[in-house]
**Q** 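Here it is, the structure, as structure tokens.
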Amino acid sequence: MKNIAVVGVGYVGLVTGACLADLGNRVTCLDISQERIENLKKGILPIFEPGLEEVVRRNVKAGRLWFTTSYADAINGGSGMQPAEFAFIAVGTPSAVDGAADLEHVRAAAESIADVVDHPLVIVNKSTVPVGTGDWVADIVKTKQKQSISFSVVSNPEFLREGSAIHDFMNPDRVVLGSLNREAAEKVAQLHLPLRTTLVITDLRTAEMIKYASNAFLATKISFINEIANICEELGADVKEVATGMGFDKRIGRAFLDAGLGYGGSCFPKDVLALAHMAEVKGRHPQLLQAVMDINGDQRRSILRKVSALLGGELKGKTVGLLGLAFKPNTDDMRDAPSIDLARWLTEQGAKVKGYDPVSMTAAASMMPAGMKFAEDPYELAADCDAIILVTEWNEFKQLDLERVRQSMKTPVLVDGRNVYDSEQMRALGFTYRGIGRGYNDRQ
Ligand SMILES: NC(=O)c1ccc[n+]([C@@H]2O[C@H](COP(=O)([O-])OP(=O)(O)OC[C@H]3O[C@@H](n4cnc5c(N)ncnc54)[C@H](O)[C@@H]3O)[C@@H](O)[C@H]2O)c1
């Protein structure tokens, strides 16, 4: 049993803290948000993540999981908490205006740790941070600490996916650990031994780069298949079948080859942008990354053109329903969700917008244009709609009573931004249906 502090209790921090506690460690989760911590102490979670509430409850009950806003207590022990041997930093690193990762939260976390630490500590950076940040964190701690305490910095990038975060944390494809101090990396490796996974131990900068390169590659797969989808649409091939046919090739793989509205969320958009920025700062021209971002932006815009064409070229005065708002299923995360752009553009073109999502409507409310209406369920959403765009492929949308949906609509136009439905079936039900890159299937 190790004593661990986790700094930042968002998607990554809370999952990391809860899972490390579940592996038998004593974990103190720290956040600067008083409200988050007070709620967590009452068992109220700041995010929706399947299975997380149960893991948090179990470990709080077992006395292995604590919540605090006090750096002194989390790092040095106090108020029932133990001095931490490891401090995981899992604060946000959003995009700054120039596209670089904004490291203000990382800086603040490093300074706060340095300010209180009174014993040797391994600082583990879980936030996605530009290459070189580990060295920068080490400099901050060294210059800010009040007494000379030995410490090491280890980069341990996180690869979990929202929506399956607990499973991903507990069953990782690999754990990456980077440090200039091998002994410190091995100490962090020990924490991960129960996961029985491959450990990749590198230097600090290489570990940081593995995270960016991995996310950029996955985003590239998505933009690649979207480009293929657009060509399929012109030439009459069906991109779903194309992806299946490609995916059997082990060198390619089927994952992340789903054509649709493109990627969104808190990671891919900002991470591809930040990687391109890192390259540009060094005088490089990251043309592939630029293309990946361009295609992704175009994909959102092209769906609106499709809806507009099906409604006679005019969106003004039309009612359009967005089925699904979260950036992907099984999360309430709305960061960079395609639904935000779609709602804004539709409103700008004079359409009335309605939205429905099983879990993200509270999170979405403040991000959507004024006047947008939220429906109680998919059937209320469909009422009087001139068109529906399926934005998020929640499982519950796969089982809808589509006959009922069509009957409620003013005109039965459904544009499927995630290729969830079967074209033939939709036409048989009387919909004017379009997917993404479905070729002849979309034209019959
Ligand atoms: N969300 C994901 O799926 C995911 C996956 C892999 C990696 N990441 C990376 O992990 C990092 C965290 O992402 P997230 O989605 O969990 O972020 P988040 O915004 O959900 O949570 C960040 C938390 O940090 C807290 N915080 C900010 N400054 C702080 C400080 N100085 N001290 C203590 N707490 C502070 C915030 O209050 C918030 O609760 C990012 O770098 C992200 O790129 C995220």
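Just follow the structure's listing: the first ligand is 1, and inside any ligand the first atom is 1.
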**Q** Name the one of L381, D357, V391 that satisfies side-chain contact (heavy atoms from CB on, under 4.5 Å) with L322?
**A**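 The residue from L381, D357, V391 that satisfies side-chain contact (heavy atoms from CB on, under 4.5 Å) with L322 turns out to be V391.
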**Q** Between V141 and V137, is a side-chain contact (heavy atoms from CB on, under 4.5 Å) present by the stated rule, with each step listed?
**A** CA-CA 6 Å; V141 176; V137 164; 4.3 Å; yes
**Q** Near ligand 1, which residues have a heavy atom under 4.0 Å away from one of its atoms?
**A**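 Ligand 1 is contacted, at a heavy-atom distance under 4.0 Å, by V7, G8, V9, G10, Y11, V12, L30, D31, I32, R36, Y71, A90, V91, G92, T93, H105, A108, A109, S127, T128, E158, L160, E162, K211, S266, C267, K270, R335.
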**Q** Name all residues meeting the salt bridge (charged side-chain N to carboxylate O under 4.0 Å, His left out) criterion together with E227; count only those two or more places apart in sequence or in a different chain, and write none if there are none.
**A**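 In terms of salt bridge (charged side-chain N to carboxylate O under 4.0 Å, His left out), with neighbours along the sequence ignored, E227 is linked to no residue.
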**Q** Check whether any side-chain heavy atom of V154 sits under 4.5 Å from a side-chain heavy atom of F86, and report yes or no.
**A**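 Contact flag for V154/F86 side chains = no.
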**Q** Answer yes when K240 and D238 have at least one side-chain N-carboxylate O distance shorter than 4.0 Å, and no when they do not.
**A**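 Looking at D238 together with K240, the answer is no, because their closest N to O distance does not fall below 4.0 Å.
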**Q** When you compare the side chain of Y263 with that of K328, does any pair of heavy atoms fall below 4.5 Å?
**A**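 No. Closest side-chain heavy atoms not under 4.5 Å.
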